[in-house]
Amino acid sequence: MTTRRIILAGGSGFLGSLLREYYSGLGVEVVILSRTRVDSMAFCLTVHWDALKRGPWIRELEGAHAVINLTGQSVNCRYNSGNRQMILDSRMESTRLIGEAICECRRPPPVWLNASTATIYQHTFGPGWDESGVCGSDPEANDQFSVEVAQAWEAAVDAFTTPKTRKVKLRMAMVMGLGSNSVFPMLRRLARCGLGGKMGDGRQFVSWIHQDDLCRCVDFLVDRSELNGVVNVAAPHPLTNADMMAEIRTAIGMPFSFSHPNWVLELGAWALRTETELILKSRRVVPGKLLEAGFGFRFTHLSEAIADLLQRERA
């Protein structure tokens, strides 16, 4: 039987490393398109690309089982003009290159999964948004730039006509994992230092997904030919920021913690060179298409996800 070959563009980051390990564990050949060589791993090959121009990497897409594009400059920064341009360009240019490469293939990948973000949905405290939810910015969330980037990112995928390649746009929620640049270790550190209280008024909803379910969702979408367009990659039970921090405190046995009013968050964001929008926008997103298609989440509630991550770390 021919070994499946998965192309991971931008596969050297946190999400890429999760998928690389997942697919390598299944015996799937993984080709990483990356500026830098990643750690060696069974069934894994690194091919250089700069995400800006064409090159020999294009040949890797020929006959591949799927291409997954995760490329994008981190949004964990101050949104000055230079960073805004890098955030937008890194997403638009890499997506354009992948689209052009697919269109030139004689045997194009049957499916193209391109990263997007749940931030595209409108700030809400009401019922969770499924894929039919309202997209757009809200002055209260100060999220106009982020929503504009998300919309342009998805439009870059839509710009290509790929009759032999199914297109899926992954509207991903916050991924709960143990990677050094993932959010869970940072939230746990805050809680251990007595700073794990609610952020702002704590009413804002947090959509999330366990790192294992992220990988399983992606693999599910690769093989389900009836699923296309936008797909929410999020656990079915988002929760408020106040409840999320309470879950973390309970899991690590921290009985008390200080909360963070908005003015403290603004000072902290300035000091850490990031933006308060990342924690104050209310993202209440549910995985409508995945649930309808029968995908079974292993971690549906955050308490389960946290317990699993802590157990892995102890092991």
Decide side-chain contact (heavy atoms from CB on, under 4.5 Å) for Arg91 and Thr71; before the verdict, give the C-alpha distance in whole Å, the side-chain angles of both, and the deciding distance to 0.1 Å. CA-CA 6 Å; Arg91 287 157 174 75; Thr71 308; over 6 Å; no
Aromatic contact, Tyr121 with His123 (centres under 6.0 Å): no
Is it the case that the side chains of Glu277 and Ser146 hold a donor-acceptor pair, with the cut-off being a distance below 3.5 Å and no angle test? yes
Measure the spacing between CH2 of Trp153 and OG of Ser94 and express it to the nearest 0.5 Å. 7.5 Å
Mind jotting down which residue pairs meet the ring pair (Phe, Tyr, Trp, His ring centres under 6.0 Å) criterion with at least one end in residues 69-116? Sequence neighbours excluded, please. Tyr79-Phe145
Rounded distance (nearest 0.5 Å) linking atom SG of Cys135 with atom CZ of Arg171: 4.0 Å
Contact list for residues 234-259, test salt bridge (charged side-chain N to carboxylate O under 4.0 Å, His left out), sequence neighbours left out: none
Does the pair Arg188/Glu313 count as a salt bridge with the N-to-O cut at 4.0 Å? yes
Hey, could you give me each pair passing salt bridge (charged side-chain N to carboxylate O under 4.0 Å, His left out) that has a residue in residues 200-215? Not counting sequence neighbours. Asp201-Arg203, Asp212-Arg312, Asp213-Arg216
Decide, yes or no, whether a salt bridge links Arg4 with Asp223 under the criterion of side-chain N to carboxylate O below 4.0 Å. yes
The complete set of ring pair (Phe, Tyr, Trp, His ring centres under 6.0 Å) pairs with one or both residues in residues 168-217, sequence neighbours excluded, reads His210-Phe299
Salt bridge (charged side-chain N to carboxylate O under 4.0 Å, His left out): which pairs involve residues 104-116, sequence neighbours left out? Arg54-Glu104
Quick test of your reading of the model: are Glu62 and Arg59 salt-bridged, counting only N-O distances below 4.0 Å? no
If you look only at pairs with a residue in residues 231-272, which of them pass as a ring pair (Phe, Tyr, Trp, His ring centres under 6.0 Å), with sequence neighbours excluded? His237-His301
Answer yes or no: is there a donor N or O on one side and an acceptor on the other, between the side chain of Lys164 and the main chain of Cys103, under 3.5 Å? no
Quick test of your reading of the model: are Lys281 and Asp143 salt-bridged, counting only N-O distances below 4.0 Å? yes
